[in-house]
Amino acid sequence: MARMPRAAYATEPTDLARALIGQRLVRVLDDGTRLAGAIVETEAYLGEPDRAAHTFGGRRTRRNEAMYARAGTAYVYFTYGMHHCVNIVCGEVDEPVAVLIRALEPTEGLERMAAHRARARRPRDLCSGPGKLCQALAIDRGLNGIDLTRDGRLFVEIVGDGPIEPGRLVNTPRIGVGSSGDWAHRPLRWALAGCEHVSGPRRLGRPPRAPTNGA
DNA sequence: CCCGTGATTTAT
DNA sequence: TAAATCACGGGG
């Protein structure tokens with residue numbers, strides 16, 4: 001199974017955010033257990049000019065240092081005293097841009113994921129949010145700064161041959177960035193239309209239209 | 001709707 | 001040093 005190469009990450013965050021939808025995020029645990037899911041929701045963070053980004057204004061701190069590394073680096077941070085979120089760094093070296101992975105449709109190792117997430121009652125509760133998917137896949141700061149093109153513990157596998165059709169995506173403002181002025185409204189989130197594994201209260205877009213009889 | 005939870009950032 | 005913030009999730 002082909003792993004996503006460096007060149008695929010070395011692009012603009014808006015392009016990577018779309019290109020990642022439908023690809024497979026894979027986590028291999030220390031005991032060899034393989035956990036995986038299809039990426040169904042992403043957000044682009046545009047770096048220095050982006051008020052909602054951790055690197056807004058060129059801020060460079062111990063926490064966000066990985067965002068300044070080369071494309072294909074993982075940026076994992078801890079927030080709200082209990083949650084982790086995982087991003088994939090893209091763009092050029094020293095251009096602190098990244099894509100946040102917000103939701104997966106779990107495909108491998110669901111039983112193990114459920115053990116990591118005691119409160120999840122159904123498959124759609126396992127990975128339908130950035131904190132949930134990190135808990136399900138056991139992603140924490142131990143993976144911050146790793147190279148997703150080389151590391152055996154976390155990587156993206158290419159599914160299919162080409163990007164998903166634009167018509168299957170919905171594009172909305174980002175979640176949870178309310179106090180970022182103008183940047184709060186910019187449509188920098190993408191999700192698979194009608195997918196029940198997407199985060200948030202509402203299902204976005206419509207499922208691919210099922211044929212109904214016209215009467 | 002509100003609140004836990006604690007690292008990180010920002011203001012004194 | 002102290003206060004505010006926080007790319008969230010769970011339970012009413």
Side-chain angles (χ1 to χ4, degrees), chain A residues 9 12-18 20-21 25 37 39-69 73-91 95-106 113-145 148 154 170-191 196-204:
Chain A
Y9 294 123
E12 294 189 4
T14 50
D15 289 334
L16 181 62
R18 283 173 288 208
L20 283 172
I21 302 287
L25 183 68
I39 298 171
V40 298
E41 180 182 352
T42 58
E43 284 177 355
Y45 285 85
L46 275 44
E48 188 162 338
D50 181 355
R51 285 195 87 81
H54 290 167
T55 50
F56 171 63
R59 285 193 300 258
R60 184 169 186 160
T61 66
R62 183 133 77 274
R63 177 177 66 156
N64 69 21
E65 182 61 29
M67 282 193 68
Y68 289 83
T73 299
Y75 169 44
V76 182
Y77 67 90
F78 181 71
T79 191
Y80 288 104
M82 59 188 102
H83 302 297
H84 295 271
C85 294
V86 61
N87 297 252
I88 301 179
V89 176
C90 54
E95 182 196 12
V97 295
V99 172
L100 172 68
I101 309 300
R102 285 197 56 91
L104 307 176
E105 174 181 344
M113 292 186 201
H116 292 159
R117 281 186 46 69
R119 281 173 196 67
R121 313 200 59 78
R122 348 193 252 311
R124 67 202 267 187
D125 299 325
L126 292 173
C127 299
S128 53
K132 294 178 191 178
L133 74 91
C134 284
Q135 189 179 18
L137 302 202
I139 294 170
D140 64 19
R141 281 168 296 178
L143 300 179
N144 185 40
L148 300 184
L154 187 67
V170 288
N171 179 214
T172 79
R174 293 173 292 186
I175 305 293
V177 297
S179 58
S180 303
D182 192 27
W183 285 86
H185 316 302
R186 304 251 316 234
L188 294 171
R189 171 182 181 235
W190 285 268
E196 66 170 358
H197 295 90
V198 167
S199 72
R202 58 199 187 279
R203 304 272 77 80
L204 287 138

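In what follows, chains carry the letters A, B, and so on, assigned in the order in which the sequence lines appear, proteins first and then strands, with residues in each chain numbered from 1.
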field: Under-4.0 Å salt bridge between A/E43 and A/R174
entry: no
field: Where A/V40 and A/V198 come nearest, the two heavy atoms and their spacing
entry: O-CG2, 3.8 Å
A/R119 vs C/dG11: side-chain N/O to OP1/OP2 distance below 4.0 Å: yes
field: DNA chain B contacts made by residues 80-90 of chain A, counting heavy atoms under 4.0 Å
entry: A/Y80, A/G81, A/M82, A/H83
Acceptor/donor pairs from residues 76-83 of chain A side chains to any protein atom, 3.5 angstrom cut, sequence neighbours excluded:
none

task: Find the distance A/Y75:OH to C/dA7:C1' and express it as a whole number of Å.
output: 9 Å
Results of side-chain hydrogen bond (donor to acceptor under 3.5 Å, both in side chains) for A/E95 - residues two or more places apart only: none
task: Search all heavy atoms of A/T42 against all heavy atoms of A/A17 and return the closest pair with its distance.
output: OG1-O, 2.8 Å
message: Counting only heavy atoms and a strict 4.0 angstrom limit, can you tell me which residues of residues 52-60 of chain A come near DNA chain C?
response: A/A52, A/H54
message: How many whole angstroms separate atom OH of A/Y77 from atom C1' of C/dC6?
response: 8 Å
- request: Grab the two heavy atoms, one from A/A52 and one from A/Y45, that are nearest each other, plus how far apart they are.
  value: O-CE2, 3.7 Å
task: Provide the closest heavy-atom pair for A/D50 versus A/A44 in the form atom of the first, atom of the second, distance.
output: OD2-O, 4.3 Å
statement: Outermost contacting nts on DNA chain B, any atom under 4.0 Å from chain A heavy atoms, listed 5' then 3', are B/dG4 to B/dT10
message: Applying side-chain hydrogen bond (donor to acceptor under 3.5 Å, both in side chains), can you list everything that pairs with A/H54, at least two apart in sequence or on another chain?
response: A/Y75
- prompt: So, for A/C85 and A/P130, which heavy atoms are closest and what is the spacing to 0.1 Å?
  reply: SG-CB, 3.9 Å
message: Does C/dC8 have OP1 or OP2 under 4.0 Å away from a side-chain N or O of A/R102?
response: yes
task: Using the salt bridge (Lys or Arg N to Asp or Glu O under 4.0 Å) rule, collect all pairs that involve residues 54-65 of chain A, keeping only residues at least two apart or in two chains.
output: A/R60-A/E65, A/R60-A/D94
query: Between C/dC8 atom P and A/R117 atom CZ, what is the distance in whole Å?
result: 14 Å
- request: Remember a base hit wins even if backbone is also touched, and classify A/R62 as base, sugar-phosphate or nothing at under 4.0 Å, heavy atoms.
  value: nothing
task: Considering only atom P, compute the distance from C/dG11 to B/dA7 and round it to an integer number of Å.
output: 23 Å
- line: To the nearest angstrom, the NZ-C1' distance between A/K132 and C/dA7 comes to 15 Å
task: For A/R186, check side-chain hydrogen bond (donor to acceptor under 3.5 Å, both in side chains) against everything at least two apart and list the hits.
output: none
message: Distance check needed: C/dA7 P versus A/W190 CH2, whole Å only.
response: 19 Å
- prompt: Excluding sequence neighbours, so at least two apart, what forms side-chain contact (heavy atoms from CB on, under 4.5 Å) with A/E48?
  reply: none
- request: For A/A184 and A/P173, work out which heavy atoms get closest and say how close.
  value: O-CB, 3.5 Å
field: Separation of the P atoms in C/dA7 and B/dA11, to the nearest angstrom
entry: 16 Å
Below 3.5 Å between N/O atoms, which protein atoms pair up with nucleotides 3-5 of chain C? Just atom names and distances, please.
none

- prompt: A/P106: what forms a side-chain contact (heavy atoms from CB on, under 4.5 Å) with it, not counting sequence neighbours?
  reply: A/L110, A/M113, A/L126, A/C127, A/H197
message: Nearest whole Å is fine: how far is C/dA7 P from A/L100 CG?
response: 10 Å
statement: side chain to side chain contact (heavy atoms under 4.5 Å, CB included) test vs A/I39 passes for just one of A/I88, A/V99, A/L25, namely A/L25
statement: When pairs are called at under 3.5 Å and a stem needs at least three consecutive Watson-Crick or G-U pairs, the stems of DNA chain B are B:1-4 with C:8-11, B:6-11 with C:1-6
query: Hey, what do you get for NE2 (A/H84) to CG (A/L133), rounding to the nearest 0.5 Å?
result: 12.0 Å
message: Donor-acceptor pair, distance only, cut-off 3.5 Å: does the side chain of A/W183 make one with the backbone of A/P49?
response: yes
- prompt: Please give, in whole Å, the distance from C/dC8 P to A/R174 CZ?
  reply: 11 Å
